[in-house]
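The next block holds one structure in the form of structure tokens; read it before the comments.
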Amino acid sequence: MRVVVLAGGVGGARFLLGVRDVLRDDAAQGDSTSRHQIQVIVNTGDDLTVHGLRVCPDLDTVMYTLGDGIDTERGWGRREESWQAKEELAAYGAQPSWFGLGDRDIATHLIRTRMLDAGFPLSEVTAALCERWQLGASGTRVQLLPMSDQRVETHVVCQIEGVRRVVHFQAWWIAHHAQPPVEEFVFVGVDDASPGPGVLESLSAADAVLLAPSNPVVSIGPILAVPGVRAALRESPARVVGVSPIVDGAVVRGMADKCLPTLGVPVSAEGVARHYGPRKSVGILDGWLVHETDTADVPGVEVRMVPLLMRSPEATAAMARAALDLCRG
Ligand code: FO1
């Protein structure tokens, strides 16, 4: 079975652990030929250059999470991390001092930066980095596909101390704690970007397409904004099922509640589903999973209510199984 998942950072990475567990268990029960494949189309709008290093937060969060190198407490970066280089940089007064560059994490950025400078596209850099992390499980191959090999960066038009400013999403989120009121999220470079290698092919060959419970605006949004991706989703032979990132009327973690109002989208499971829209009209959804305490009435979209809190691997796997079952219709 070929499952394609559109994902961003922390929430998306956790959800992918559940998808992989379900397919691994299916492969164990099935015959040896039942090979599964997960292809993850990952947001690169969070990417930025700090201290000369190219950092890809969502690609790294997914890679570390599936490779079991993630710091599960923070949800990003490496576990057993140290911050010596960050402290030394701060001692020199080097900016930005607000971005958490861990010593172990820096190795990833050094290799990525060196390979990009040598002319390798981000997709090949990502494949090379993933070699070390062995993201698959028995009977299930996992491949990370950057949404584009061209640079796309999410910048935020906002008010900071009464002054209209444009700052990188990471600065808005980390340095400014997502506080400045947002006028607009701009995906710089997206109009000139093309889908990364394998992205369109994965959607046209998929047996199931899932939207992870990632931030609809700054994680799933940039992916859908890459020219050609939305059309490929709408033409995919597979059913497209999304998982609500709003649970019990609120965000579980992250800043979706600060992003959705900018687009005039209600912070609710129904609001997000209507934002994505039914594929039967001009949207992309065939199915939508909402938490058992939420409701969503979206004409043309089949809605199912299941527990959506990823409290344990078993709970996450149950969520993933429910999403895959809804893909089967
Ligand atoms: N998030 C923070 O809140 N503070 C940080 O200093 C920080 C550093 C960081 C470094 C590498 C990385 O891969 C992720 C990092 N994140 C940090 C998380 C990141 O900003 C968010 O997870 C995503 O960009 C939002 O999806």
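Both counts, for ligands and for their atoms, begin at 1 and track the order of listing.
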Backbone of Gly196 reached by a side-chain donor or acceptor of Asp149 within 3.5 Å: no
Counting both backbone and side chain atoms, is some N or O of Asp105 under 3.5 Å from an N or O of ligand 1? no
Do ligand 1 and Gly77 have nitrogen or oxygen atoms that lie under 3.5 Å from each other? no
For atom 22 (O) of ligand 1, the closest protein heavy atom turns out to be Val10 CG2, 4.1 Å
Does Trp288 have its ring centroid less than 6.0 Å away from the ring centroid of Tyr276? yes
Counting heavy atoms only, which part of Arg74 comes closer than 4.0 Å to ligand 1: side chain, backbone, both or neither? neither
How far is atom 6 (O) of ligand 1 from its nearest protein heavy atom, and which residue and atom name does that atom have? Gly100 N, 2.8 Å
Any carboxylate oxygen within less than 4.0 angstrom of a Lys/Arg side-chain nitrogen, looking at Asp60 and Arg78? no
Proximity flag Tyr64 to ligand 1, non-hydrogen atoms under 4.0 Å: no
Is the backbone of Asp47 close enough, under 3.5 Å, to the side chain of Thr44 for a donor and an acceptor to pair up by distance? no
With a heavy-atom distance limit of 4.0 Å, tell me whether Trp173 approaches ligand 1 through its side chain, its backbone, both, or neither. side chain
Give a yes or no on whether a salt bridge exists between Asp207 and Arg328, defined as a side-chain N under 4.0 angstrom from a carboxylate O. no
Mind checking whether Leu101 contacts ligand 1 via backbone (N, CA, C, O), side chain (CB onward), both or neither, at a 4.0 Å heavy-atom cut-off? neither
Closest protein heavy atom to atom 25 (C) of ligand 1, given as residue, atom name and distance to 0.1 Å: Asp46 OD2, 3.2 Å
Give the numbers and elements of all ligand 1 atoms closer than 4.0 Å to a heavy atom of Asp58. 23 (C), 26 (O)
Looking only at protein heavy atoms, which one is nearest to atom 2 (C) of ligand 1, and how far off is it? Ile174 CG1, 3.6 Å
Among protein heavy atoms, which sits nearest to atom 13 (O) of ligand 1, and what does the distance come to when rounded to 0.1 Å? Pro57 CA, 3.2 Å
Who's the nearest protein heavy-atom neighbour of atom 17 (C) of ligand 1, and how far? Trp76 CE2, 3.4 Å
Report the part of Val218 in contact with ligand 1, treating N, CA, C, O as backbone and CB onward as side chain, heavy atoms under 4.0 Å; options are side chain, backbone, both, neither. neither
Near Arg74 CZ, under 6.0 Å, is it more than 12 heavy atoms from other residues, nucleotides or ligands? yes
Would the distance check show the side chain of Thr113 and the main-chain N or O of Arg54 forming a donor-acceptor pair, the cut-off being under 3.5 Å? yes
For Trp98, take its heavy atoms, then give the atoms of ligand 1 lying under 4.0 Å from any of them. 6 (O)
To check your reading of the model: name the closest protein heavy atom to atom 19 (C) of ligand 1, its residue, and the distance in Å. Gln170 OE1, 3.7 Å
Is it true that a side-chain atom of His275 and a backbone atom of Pro266 form a donor plus acceptor pair closer than 3.5 Å? no
Which of parallel (below 30°), tilted (30 to 60°) and perpendicular (above 60°) describes Phe169 and Trp172? tilted
Indicate yes or no for a side-chain donor-acceptor contact from Glu184 to the backbone of Val186 under 3.5 Å, with no hydrogens or angles considered. no
